[in-house]
Structure formats: structure tokens, C-alpha cells
Amino acid sequence: SPKKSRSLIAQTLSKPSVKKHDLLIIRRIILESGSLDYAKKEISQLTNNAQRIISSVRMYPRYKKALNDYILSVLKI
């Protein structure tokens with residue numbers, strides 16, 4: 001259940017030391033919940049939006065390229 005998963009993640013991350021096994025459990029929860037796919041979709045939409053805005057702005061092409069390159073490097077999906 002989502003409530004149980006949230007509780008497990010909170011308990012795990014509040015431990016003084018987190019083991020690899022704990023992180024694998026969190027990874028499984030995130031994958032099974034669809035959160036990762038949702039985040040990737042959102043990042044893709046926001047990246048496309050930003051690129052559309054940049055392309056419509058009056059700016060030197062080299063600065064547009066720098067902004068696009070920055071977006072793509074920071075938001076790699």
C-alpha cells in the first residue's frame with residue numbers, strides 16, 4: 001500500500017546508516033509505484049517547454065545553444 005511504502009521509505013532514510021539492501025528496497029518501491037516513469041515524463045515535458053521558449057526568444061544563437069545544452073546536461077533522462 002502507498003501508506004506502508006511511504007512509511008518504509010521514511011524509516012529507512014531516518015536511520016543513522018543506510019545499507020545497500022535498504023536502498024534496493026526503496027528503488028523497488030519507486031519503480032513499482034510508477035513514480036520514476038512519472039518523473040521522467042514530467043522532465044521531458046518541461047524540457048520541451050523550455051526549449052520552445054528559448055527558441056522563440058530574441059537572443060544570440062550561441063546563447064540559445066548554451067541554454068539548450070545546459071538544459072540537456074542538467075536534465076538528462
Side-chain angles (χ1 to χ4, degrees):
S1 77
K3 190 173 182 178
K4 183 179 176 185
S5 296
R6 262 187 252 131
S7 175
L8 181 62
I9 290 171
Q11 287 174 351
T12 301
L13 295 178
S14 66
K15 290 180 180 179
S17 74
V18 179
K19 306 283 187 227
K20 185 175 181 177
H21 174 72
D22 297 324
L23 295 175
L24 292 174
I25 290 171
I26 292 174
R27 178 187 283 175
R28 182 180 47 82
I29 291 170
I30 291 170
L31 289 173
E32 288 176 359
S33 72
S35 296
L36 182 61
D37 291 333
Y38 175 79
K40 284 182 176 182
K41 182 179 172 186
E42 286 294 306
I43 289 169
S44 180
Q45 288 176 351
L46 291 170
T47 300
N48 291 338
N49 228 7
Q51 288 176 323
R52 257 193 312 279
I53 291 168
I54 290 168
S55 70
S56 70
V57 173
R58 292 183 59 200
M59 182 185 298
Y60 286 116
R62 69 177 179 216
Y63 297 137
K64 284 185 180 186
K65 182 179 179 339
L67 283 172
N68 275 319
D69 291 348
Y70 177 74
I71 289 168
L72 294 175
S73 70
V74 170
L75 300 177
K76 281 186 184 173
I77 50 173

Exercise. Is there any salt bridge (charged side-chain N to carboxylate O under 4.0 Å, His left out) pair reaching into residues 47-59, and which pairs are they, with sequence neighbours excluded?
Worked result: none
Exercise. K65: what forms a side chain to side chain contact (heavy atoms under 4.5 Å, CB included) with it, not counting sequence neighbours?
Worked result: D69
Problem set entry | Results of side chain to side chain contact (heavy atoms under 4.5 Å, CB included) for S1 - residues two or more places apart only | K3, K4
Exercise. Any side-chain heavy-atom pair from L67 and Q51 closer than 4.5 angstrom?
Worked result: no
Seminar exercise, completed: To the nearest 0.5 Å, atom CG of N49 lies from atom CD of E42 at 10.5 Å
For this session: Please identify each residue that fulfils ring-ring contact (aromatic ring centres under 6.0 Å, His included) with Y38, with sequence neighbours left out.
Result: none
Exercise. Should Y70 and M59 be regarded as members of a common hydrophobic cluster, given that ILVMFWY residues are connected when their side-chain heavy atoms come within less than 4.5 Å of each other, either directly or indirectly?
Worked result: yes
Side-chain donor-acceptor contacts of residues 25-33 below 3.5 Å, not counting sequence neighbours, with atom names and distances?
{"from": "S33", "atom 1": "OG", "to": "I29", "atom 2": "O", "distance (Å)": "3.3"}
{"from": "S33", "atom 1": "OG", "to": "I30", "atom 2": "O", "distance (Å)": "3.0"}
{"from": "S33", "atom 1": "OG", "to": "S35", "atom 2": "N", "distance (Å)": "3.2"}
{"from": "S33", "atom 1": "OG", "to": "S35", "atom 2": "OG", "distance (Å)": "2.8"}

For this session: Determine, using the 4.5 Å side-chain heavy-atom cutoff (strictly less than), whether L24 and L36 are members of one ILVMFWY cluster.
Result: no
Exercise. With hydrophobic residues grouped by side-chain heavy-atom distances under 4.5 Å, do V18 and I9 end up in a single group?
Worked result: no
Problem set entry | Contact list for residues 10-24, test side chain to side chain donor-acceptor pair (under 3.5 Å), sequence neighbours left out | K15-D22
Seminar exercise, completed: Between the CD1 atom in I71 and the CD1 atom in I43, the distance rounded to the nearest 0.5 Å is 13.0 Å
